[in-house]
Amino acid sequence: MEEKYSPKNIENKWQTKWDKEKSFKVSEDPSLKKYYLLEMFPYPSGRIHMGHVRNYSIGDVIGRFKRMQGFNVLHPMGWDAFGMPAENAAIQHKTHPAKWTKENIDYMRGQLKRMGFSYDWDRELATCDVSYYKWEQRIFIEMYKKGLAYKKSSFVNWCPSCETVLANEQVEEGCCWRCDSVVEQKELEQWFFKITEYADELLEYTEKLPGWPERVMVMQRNWIGKSYGCEIDFPLEKGNGAIKVFTTRQDTVFGATFMSLAAEHPLATTLVTDENCKNVDEFIKKVKSTDKARRTADDFEKEGVFTGSYAINPATGLKIPVYLANFVLMDYGTGAVMAVPTHDQRDFEFAKKYNLSLTVVIQPEGKALDSAFMKEAYTEPGVLVNSGEFDGLESTLAKEKIADWLQKNGKGKKTINYRLRDWGISRQRYWGDPIPIIYCEKCGAVPVPEKDLPVLLPMDVEFTGEGGSPLAKVESFVNVTCPLCNSPARRETDTMDTFVESSWYFMRYCSPDYTDAPLDKKRVQYWMSVDQYIGGIEHAVMHLLYARFFTKVLRDLGYVDVDEPFTNLLTQGMVIKDGSKMSKSKGNVVDPNFLIDKYGADTARLFSLFAAPPEKDLDWNDQGVEGSSRFLNRFWKLVYESLRFMKTGEKLDTSAITEEGKILRRQVHKTIKKVTEDIDSRFHFNTAIAAIMELMNSVQLFAAKNRPENRAVLKEALESILLMLYPFVPHFSEELWEELGHGGGIEKAGWPKWDSSATVDEELIVVVQVNGKLRGKVVVAADAGEEDVKNAAFGDEKIQGAVDGKTPKKVIYVPGKLLNIVV
RNA sequence: GCCCGGGUGGCGGAAUUGGUAGACGCAAGGGACUUAAAAUCCCUCGGUCGCAAGGCCGUGCCGGUUCGAUUCCGGCCCCGGGCACCA
């Protein structure tokens, strides 16, 4: 055994062994309890960063711990490999996205292996491989046939100079992130997944996932945004039509004195009268050229324009003007609002600006509002007035009554509205999964027949960064014949959002090599659901909601039997340095390669787990890493020195050990208990490591005395520490385990169990308070009763001084812990 | 504006069910070893008063409940995050 700990050789040795022997390869075994452990797979951006190190270190601790406990642990890794950075790199470096991505994957795989993570590499997948994305096309077609994938036109961010759609994230202060042109709203035909069909079930399950952090559930609930209200028809003054509105405040319908439509509302252009034509046109143009970010800013001025037309308030029968307003959103509700200026702040401001009439219909208890003197809208509950037969009703009650009345008289109906919108998946990008649809002039949109799948992404493509999607310019790809009528037809050139790939990869891992279907139901059945999922909080809504949606869709398509993909979710915090998130632009990144070279992977892992509990942000500190490194060096030295006089095979004889030995054993077994509980039920790795450090400090003192009769105790202590350290620092522990004379690998030894009898204290320290203030401690026998503790306390000189001859009014005794004397 | 987190030494953090506040680690100071440095080892380390024993104060602020509050309740301040003309 080397005298000094040198991580390089050791880590290399064990990594080679794990790789060669496929140590973490698993298969379905019904006789074993399965545990599916998953960390969010990375985008192959080039190299791993500290966020990955942290995420995967957390996962690896759980994986190795569960394996030691005898679970059949599925722990896969793969690559979320489609996406824009590859395309941008292709443009910049004159390379191909496929080449760039593959090189990155190869490099990053090497980095993950150097960290010693225990993955079943035989299950590795990359979403840009045909063997993956072709199945997604099949799922798409099955969704299309069920009406879960459909096409509709919608408004999107459009950069006129790049000729492409931009995601909301790519619009910076109203301008294109790449060329700085002003971004417009453009109406385009887009593919959607009908996630709204599952809105209720998705919402319902946010109450049934006890293993998820409450804040993630809250964020998803807010995102789905279910609200109960009414759809009410406001007949047009002229003609037969009506304007449909959605409202949650049907109790105020008698106060609706005008209407506001979104600029994109289909009626906006048909309702306009000749004399208002010019104003309305200008207004619509202005709204459409304003990007969403600016439109929704705090200080954005409410503006509108009169169409010249009128509608009839179905409650009052009065004629009310129809306006277009810039704050009404086409994609929420019906895109039209009944405006009640007295009880809605936006309508109030709008009415004041355009001099529209106000009618109070809700009076606060004990007050009388006068619309002439109102400074702001009154939005609280109250009692109805000016509301015909509903006058005098309390407003919450009136909500019900008016909804019933509207429904009965055919003026409207009760309805539920969601904030959640269908998921737009079309991207005018090359590096993604082609949407398997063909457009025929006669037959319309035709799904690519199964025998023609997959639609391969063509490789001979030029990347200029100009003129829209590169895919649309590949003639051989675009020009096809219709599968139904054989006429010339065009292929869809949009690709799917990369979030589609990450919505089902965790199921593909269960049968990654299956060639008959996306999933092998039997194998998926064994592994699903994921027992523990780990990843960043930034995915709280998008990815985690899409994945839940997809699981339900695949269930309904007959592929799986589970309702929810992830039983338990752990959202880890960010890695912070010098007060801000590590990022290239801030110049505060720490390169994992540098850490591995300088300290070894084990030290890097240990520190990232020790510095903070997983769900909190981790403050990176270079000197803190030194501390973790020091700990491993000290422990190495301790084992090295102990080995010189320790015999292998020495049996522990508990009757022969000294008092000191007993005390150390007690700490060993208490530590095993604490570390087990910290890892298993709390994921508090930082306190688990702290407890091991404490134990090592004691062992060090103990070993220094070198009493021959205590050697078996020392051996037990050292081995226990190694077993407990293994999930954190696997190479280090494997190496020393072998040095201590064990073959066959440390995992086989199993997770240590604590001996309850060894943890029992012989003496107890009971804290003594006088009037709730700490005044002393007494040592009593472990089996001492309340009387014994009282006697000891009152016999104590310090306590006597504190009591100062006064008569105790009350004495509170917390068994084995505390005695409080109240005087 | 609404909804979540969070606020503890010089720093990261601990205190799991209302019961010893500050575990463990970092930094700092002092010492040992060394020609010297690094490494390593030992001691001190919330504030304050005191020669000491010991006392008093202290978990963002104010108040409450309790024998006892970092922990529970009410009100406020600050920081971080999410959502947001959502009708």
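These values consider heavy atoms only, across backbone and side chains, with no hydrogens, waters or symmetry-generated copies.
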Assigned chi class of B:rG9 under the 90° convention is syn
Practice prompt. Please measure how far the C1' atom in B:rU71 lies from the corresponding atom in B:rU20, and state the result in whole Å.
Written response: 15 Å
Re B:rG5: Watson-Crick or G-U wobble partner, both distances kept under 3.5 Å, found to be B:rC79
Answer for the Watson-Crick or wobble partner of B:rC56, both distances under 3.5 Å, is B:rG47
message = Roughly how many Å apart are B:rU48 and B:rG58, using the C1' atom of each and rounding to a whole number?
response = 10 Å
Is the distance between the ring centroids of A:F607 and A:W620 less than 6.0 Å?
yes
Under a 4.0 Å heavy-atom cutoff, the residues of residues 686-699 of chain A touching RNA chain B are A:N686, A:T687, A:A690, A:M693, A:E694, A:N697
When both distances are under 3.5 Å in a Watson-Crick or G-U wobble arrangement, the nucleotide paired with B:rC86 is none
Indicate whether OP1 or OP2 belonging to B:rC86 is found under 4.0 Å from a side-chain N or O atom of A:R346. yes
task: Determine, step by step, whether A:L818 and A:Q769 satisfy the side-chain contact (heavy atoms from CB on, under 4.5 Å) criterion, reporting the C-alpha distance in whole Å, the side-chain angles of both residues, the deciding distance to 0.1 Å, and the verdict.
output: CA-CA 8 Å; A:L818 176 140; A:Q769 296 181 334; 3.7 Å; yes
The answer to which of A:Y332 and A:G627 contacts RNA chain B further toward the 5' end, by nearest nucleotide, is A:G627
- Task: Considering only atom P, compute the distance from B:rC72 to B:rG7 and round it to an integer number of Å.
- Result: 11 Å
| request: Could you check whether A:V218 gets within reach of a base, just the sugar-phosphate, or nothing at all, counting any heavy atom under 4.0 Å? | output: sugar-phosphate
Say you pick atom C1' in B:rU70 and the same atom in B:rA23; how far apart are they, in whole Å? 15 Å
For B:rC26, the nucleotide meeting Watson-Crick or G-U wobble distances (both under 3.5 Å) is B:rG10
Practice prompt. For A:V822, report the nucleic acid contact type (base, sugar-phosphate, nothing); a contact means any heavy atom under 4.0 Å.
Written response: sugar-phosphate
NA contact type, A:D347, heavy-atom cut-off 4.0 Å: base, sugar-phosphate, or nothing? nothing
Output a table of nitrogen or oxygen pairs between the protein and nucleotides 52-57 of chain B separated by less than 3.5 Å.
unit_1	atom_1	unit_2	atom_2	d
B:rC56	OP1	A:R775	NH2	3.3
B:rC57	OP2	A:K773	NZ	3.0

- Are A:F350 and A:F327 close enough that their ring centres sit under 6.0 Å apart? yes
- Message: For A:Y323 and A:F306, take the angle between the two ring planes, folded into 0 to 90°, and tell me which bin it lands in: parallel under 30, tilted 30 to 60, perpendicular over 60.
- Response: tilted
One should read off an interatomic distance between A:Y228 OH and A:T415 OG1, to the nearest 0.5 angstrom, of 11.0 Å
Among side-chain atoms of A:T206 and A:R221, is any donor-acceptor pair under 3.5 angstrom?
yes
Output for pair (A:T257 OG1, A:L358 CG), nearest 0.5 Å, gives 6.0 Å
Practice task
Hey, can you tell me if A:F635 and A:F631 have their rings parallel, tilted or perpendicular (30° and 60° cut-offs)?
Solution key: parallel
Heavy atoms only, 4.0 Å cut-off, all strands: where does A:G225 land among base, sugar-phosphate and nothing?
nothing
> Can you tell me how far P in B:rA14 sits from the matching atom in B:rG22, rounded to whole Å?
Replying inline: 15 Å
What is the nucleic acid contact for A:Q623, judged by heavy atoms within less than 4.0 Å: base, sugar-phosphate only, or nothing?
sugar-phosphate
Margin query: Taking the P atom in each of B:rC73 and B:rG18, what is the distance between them to the nearest angstrom?
Written below: 11 Å
Under a 3.5 Å limit on both distances, the Watson-Crick or wobble mate of B:rU34 is none
Q) Is a side-chain donor-acceptor pair under 3.5 Å present for A:E626 with A:Y599? A) yes
Atom pairs, protein N/O to nucleotides 38-42 of chain B N/O, distance under 3.5 Å:
unit_1	atom_1	unit_2	atom_2	d
B:rC41	OP1	A:R634	NE	3.4

Worksheet item: When all nucleic acid strands are considered with a 4.0 Å heavy-atom cut-off, which category describes A:K674: base, sugar-phosphate, or nothing?
Response: base
If we count only N and O atoms by modelled type, under 3.5 Å, do the side chains of A:N417 and A:S227 hold a donor and an acceptor together?
no
* To do: Describe the nucleic acid contact of A:R419 in one word from base, sugar-phosphate, nothing, applying a heavy-atom distance below 4.0 Å.
  => base
Using atom P in both nucleotides, what's the gap between B:rU34 and B:rA52 to the nearest angstrom? 34 Å
Comparing A:D617 with A:K817, nearest RNA chain B nucleotide closer to 5' gives the residue A:D617
Here the gap from A:Y205 atom OH to A:Q220 atom CD, rounded to the nearest 0.5 Å, amounts to 14.5 Å
Of B:rG19, B:rA15, B:rC85, the nucleotide closest to the side chain of A:R682 is B:rA15
Taking every heavy atom of A:E380 against every heavy atom of A:Y378, the minimum-distance pair comes out as O-CE2, 3.1 Å
Under a plain distance cut-off of 3.5 Å, with no hydrogens placed, do A:N820 and A:R775 share a side-chain donor-acceptor pair? no
**Message:** Is it the case that the base of B:rC67 and the side chain of A:K810 share a donor-acceptor contact (distance under 3.5 Å, atom types as modelled)?
**Reply:** no
query = With rounding to whole Å, what would you report as the distance between B:rA28 and B:rG68 at their P atoms?
reply = 43 Å
The nucleotide from B:rA87, B:rC83, B:rA15 with an atom nearest the side chain of A:W223 is B:rC83
Please tell me if A:K777 has a side-chain N or O lying less than 4.0 Å from either OP1 or OP2 of B:rU20. no
Scanning all shown strands, the Watson-Crick or wobble mate of B:rA39 with both distances under 3.5 Å is none
Closest heavy-atom pair, A:R605 versus A:S57, reported as atoms and distance to 0.1 Å, is CG-OG, 3.8 Å
